Structures are given as structure tokens and as C-alpha cells.
There are 2 protein chains.
Amino acid sequence: MPERAEKSGKERFLHFLAGKRLRITSQRRAIIDTVFATEEHFTAEELLEWSRARDHSVSRATVYRTLPLLTASGLVGEMDFGKNRKYYDPNYADRPYHNHIVCLDCGRIVEFDSDRLAELEGEIRKRLGFSVQSRRLYMSASCEALRKPGGCPRRQQTAATAH
Amino acid sequence: MPERAEKSGKERFLHFLAGKRLRITSQRRAIIDTVFATEEHFTAEELLEWSRARDHSVSRATVYRTLPLLTASGLVGEMDFGKNRKYYDPNYADRPYHNHIVCLDCGRIVEFDSDRLAELEGEIRKRLGFSVQSRRLYMSASCEALRKPGGCPRRQQTAATAH
DNA sequence: GTGGGTGCAAAGTGTTTGCAAGTGT
DNA sequence: ACACTTGCAAACACTTTGCACCCAC
């Protein structure tokens, strides 16, 4: 489980809970600490495992009952790849709208954003009369760098911005 | 189950099976006839029900074993909304790359495409070094027409193109 | 004190699979 | 004939839920 400087995501979620008069239990605290201490995408089962490392009393049921709160807060994103299980993305606290590329060569997931998508929303409003409320874009791609000497920049950036 | 003029989707899939030396059984025929006679998105369970209306001997197992063949052929798309179940889209035979908007007001699913997405792929190649192989874009949107006199054009188009 | 939260295990839901029998080519 | 297919039901994987106890507020 990777570490990162704990930002305000955690505090923002605690505030979200308080606003709904929901309680901060030791188990929820362990789960929340875990979620906002990683940048990785994770599954429910992984979150259980990692949270138990902090507080052994965390149960599977509590993880599954806490995840909807996290997504409802808008601070954690829910992602559907082709898999049966759901993946969760803690990076929505900082970047509410971002998109995902799955690298077909190394499996890495790259996050990106582009102004073109905002433009596309304008086009949709104009042509189809829809006011876009949310979007999720998944792409699979092969790494062109692999085909050149030097290879895949696999261990470099894990998130990129293409503004 | 809606009807439509049966296009070449069915024939293309039969050809796909023949190319893999796979057999055309009566059950598969019922499933294939069903898939390519609708424009609607459907679930595995719906496909089972509709196929059984044509051939009562179709089993759930055969439906589940045939769906991967359909998606592997590229003629049927697999869609992941937030739901646990998968939805299948038979319209990939005609339009291999299209995207989905779910209307928050009436639940209708609108298909669309835009050149901007091809442009985005070019941007991604240039900036991130990824050659995009596939993409899936889901948007949720509210219908602006609803807010004007005349209301939502709900029963009109079910597919739209925004080229 | 009390209403929400918890762990446990059982139940759900959607999908996959082992097996013996059936069938297209 | 042979290998691919099938239906059935059991098995799976993931998620949800009923219940009695617990604890944050």
C-alpha cells in the first residue's frame, strides 16, 4: 500500500459524515485513513485488507457499508472496467473529473484530463439538448514507447495531465 | 422486444462462427436471431427470455456461453453502467465506436458519436505516447428540452449522431 | 440513553462450470 | 465418428442483509 501526504480528502469526508449526523467509529476511521493515504485504485477486498492492518476489528460488512458513503461524498470515484468487481479511485478529491487509460502492455492505469471533453459537452448541449452531469471515459491503449529503443516509461508517471 | 429490419449483423456473425469452425446450433440460431433483431440494449437474462420465445430449448448456460462470442466478434458491445449486471448493445455492427448518454429525466439511453473523440485520441498519442485501441464513454445528462414548453422529446429519436 | 454502527454468517445476485448426453459437420 | 454443444444444477465471486450486541454522541 503506497503512502502519500494526507491531504484534505480525509477531513472533507469527516465533514461530510458530520453533516449527515453520521458517527465516526474506530472502524470507519481506519477505513478512511486507508482510503485517503493511497493514490492507487483499489477493490473492496483490498480496502478490507489494508484497513485491517490499521485496525484488526474492521469487518468486510463495514467496508461494504462505508464505500457507498465514500462515493456519495464525491471524494471517491467508482470505476467499472470489464471486470466483475468494482474499483475505487481516491483521486476524485483533487480532480473530480478525470479519465482513465488502461495500458495494454503493462496494465498500468493512467489518469488524464483534456479540455476537449468540456468542449464535447458543449457540443452535446447544442446538438442533442442534453446538459451533461457526469461522465466516465475508459480507454485501452498500447504504449508507443515500447516500440522504440528505451522501452516503456513504466515506472515513471502514474498520472498525467494533457490540458 | 422491438423489431427492426435484419441487417447484415447476423450474417456477419454467422461468418465469424464459420471462420472459427464453430457450429450453428438451433439454440445459437435463436440467440443470434434475437440479438440482431433488436436495437435495444439488453441483459443476459433478457436475452434468455427473448431467445426462449423463439426456441424454448435455449438455456441460461448457452446464453452465457454465446455472449462472449458475440462480443469477441466486435458486433455486440458490452457496457458497464453502475449496475452489477452487464448490458449488451447490438448496434456495434453498424457503428463500432459510439458512446452513451443516460438521460437522468427519462432513463432513455442515447447513442452518439463525435469527431472530437478521434481528435482526443490524437492528442493522447502525442502527449502521452499511447495508441488508443478502444474507448467507452458514458455520460449522464439532464434534458434541457424538459425545461421549455413542449417538453422532452422522449418518444422521438433513440439514437442520434453528432458528427 | 438511544439511535446509529458493528461483526458474523446466511442469503442474494449474476455468472461460470463439471458432467453426461446430444448434435452439426 | 468426432469434437463441439447443450441443459442441468452445483459452484463461484462479489455484495448485501438480518440480527443481537455495541458504542459515539
Side-chain angles (χ1 to χ4, degrees), chain A residues 10 13-35 41-73 76 78-88, chain B residues 10 13-35 41-73 76-89:
Chain A
K10 173 180 168 182
F13 186 65
L14 292 175
H15 186 260
F16 171 85
L17 289 180
K20 288 191 175 286
R21 304 286 183 273
L22 298 174
R23 293 172 186 171
I24 318 291
T25 62
S26 63
Q27 292 87 350
R28 278 188 181 160
R29 205 179 297 273
I31 292 169
I32 296 164
D33 285 347
T34 302
V35 165
H41 305 121
F42 53 84
T43 63
E45 205 63 25
E46 287 168 334
L47 179 55
L48 172 63
E49 186 188 324
W50 296 343
S51 300
R52 275 189 166 156
R54 290 175 185 257
D55 180 340
H56 203 284
S57 77
V58 175
S59 72
R60 181 169 286 104
T62 296
V63 166
Y64 275 105
R65 284 192 271 234
T66 302
L67 279 167
L69 297 172
L70 286 160
T71 56
S73 76
V76 172
E78 196 179 79
M79 309 191 313
D80 291 285
F81 300 111
K83 312 288 180 183
N84 287 333
R85 60 186 124 186
K86 291 176 185 168
Y87 284 80
Y88 296 90
Chain B
K10 172 180 168 182
F13 186 65
L14 292 175
H15 186 260
F16 171 85
L17 289 180
K20 288 191 175 284
R21 305 285 183 273
L22 297 174
R23 293 169 186 173
I24 318 290
T25 62
S26 62
Q27 292 88 349
R28 279 187 181 160
R29 204 179 297 273
I31 292 169
I32 296 165
D33 284 347
T34 302
V35 166
H41 305 121
F42 53 83
T43 63
E45 205 62 26
E46 287 168 334
L47 179 55
L48 171 63
E49 186 189 321
W50 297 343
S51 299
R52 274 189 165 155
R54 290 177 185 256
D55 180 340
H56 202 284
S57 76
V58 174
S59 73
R60 181 170 285 104
T62 296
V63 166
Y64 275 105
R65 285 192 270 235
T66 302
L67 279 168
L69 296 173
L70 286 160
T71 56
S73 75
V76 172
E78 194 180 79
M79 309 191 312
D80 290 285
F81 299 111
K83 312 290 180 180
N84 286 332
R85 60 186 124 186
K86 291 176 185 168
Y87 284 80
Y88 297 89
D89 180 341

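Hydrogens, waters and symmetry mates play no part in the numbers below; they use all other heavy atoms, side chains included. On a predicted model such as this, the values are computed, not experimentally measured, just so you know. Each chain gets a letter, A, B and so on, in the order its sequence line appears, and its residues count up from 1.
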Starting at [atom1] of [X], measure out to [atom2] of [Y] and round the result to the nearest 0.5 Å.
| X | Y | atom1 | atom2 | value |
| --- | --- | --- | --- | --- |
| A/Glu46 | A/Thr34 | CD | OG1 | 12.0 Å |
| A/Arg54 | A/Asp33 | CZ | CG | 5.0 Å |
| B/Phe42 | B/Met79 | CZ | CE | 9.5 Å |
| B/Asp55 | B/Arg28 | CG | CZ | 13.5 Å |

inquiry  = Of the listed nucleotides (D/dA9, C/dT15, D/dT6), which one gets closest to any side-chain atom of B/Arg85?
reply    = C/dT15
Residue B/Thr25, side-chain heavy atoms: nucleotide from C/dT6, D/dT6, D/dT15 that is nearest =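 Closest nucleotide to the B/Thr25 side chain: D/dT6.
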Starting at [atom1] of [X] and ending at [atom2] of [N], how long is that distance when rounded to a whole Å?
| X | N | atom1 | atom2 | answer |
| --- | --- | --- | --- | --- |
| A/Gln27 | D/dC21 | CD | P | 18 Å |
| A/Phe81 | D/dC14 | CZ | P | 16 Å |
| B/Leu17 | C/dT23 | CG | C1' | 16 Å |
| A/Lys20 | C/dG5 | NZ | P | 12 Å |
| A/Tyr87 | D/dC14 | OH | C1' | 12 Å |
| B/Ile32 | D/dT5 | CD1 | C1' | 13 Å |
| A/Leu69 | C/dG4 | CG | P | 14 Å |
| A/Arg52 | C/dC8 | CZ | C1' | 11 Å |

query = With nearest nucleotides of DNA chain D determined for B/Arg65 and B/Asn84 from heavy-atom distances, which residue corresponds to the more 5′ nucleotide?
reply =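 In this pair, the answer is B/Arg65.
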ask   = Is the shortest side-chain N/O distance from B/Tyr64 to OP1 or OP2 of C/dT15 below 4.0 Å?
value = yes
inquiry  = I want to confirm an ordering. Mapping B/Ile24 and B/Ala44 to their closest nucleotides on DNA chain C, which one lands closer to the 5' end?
reply    =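 So the residue in question is B/Ala44.
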ask   = Mapping A/Ser26 and B/Pro68 onto DNA chain C by nearest heavy atom, which one lands closer to the 5' end?
value =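 The 5'-side residue here is A/Ser26.
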ask   = Do any N or O atoms from the side chain of A/Thr66 and from the backbone of A/Thr62 form a donor-acceptor pair under 3.5 angstrom?
value =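 Yes, A/Thr66 side chain to A/Thr62 backbone: donor-acceptor pair under 3.5 Å.
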inquiry  = Just to be sure I understand the rule, does B/Arg28 reach a base, reach only the sugar-phosphate, or reach nothing, if contact means heavy atoms closer than 4.0 Å?
reply    = sugar-phosphate
task = Measure distances between side-chain N and O atoms of B/Arg23 and base N and O atoms of D/dC4, and say whether any donor-acceptor pair falls under 3.5 Å.
result = yes
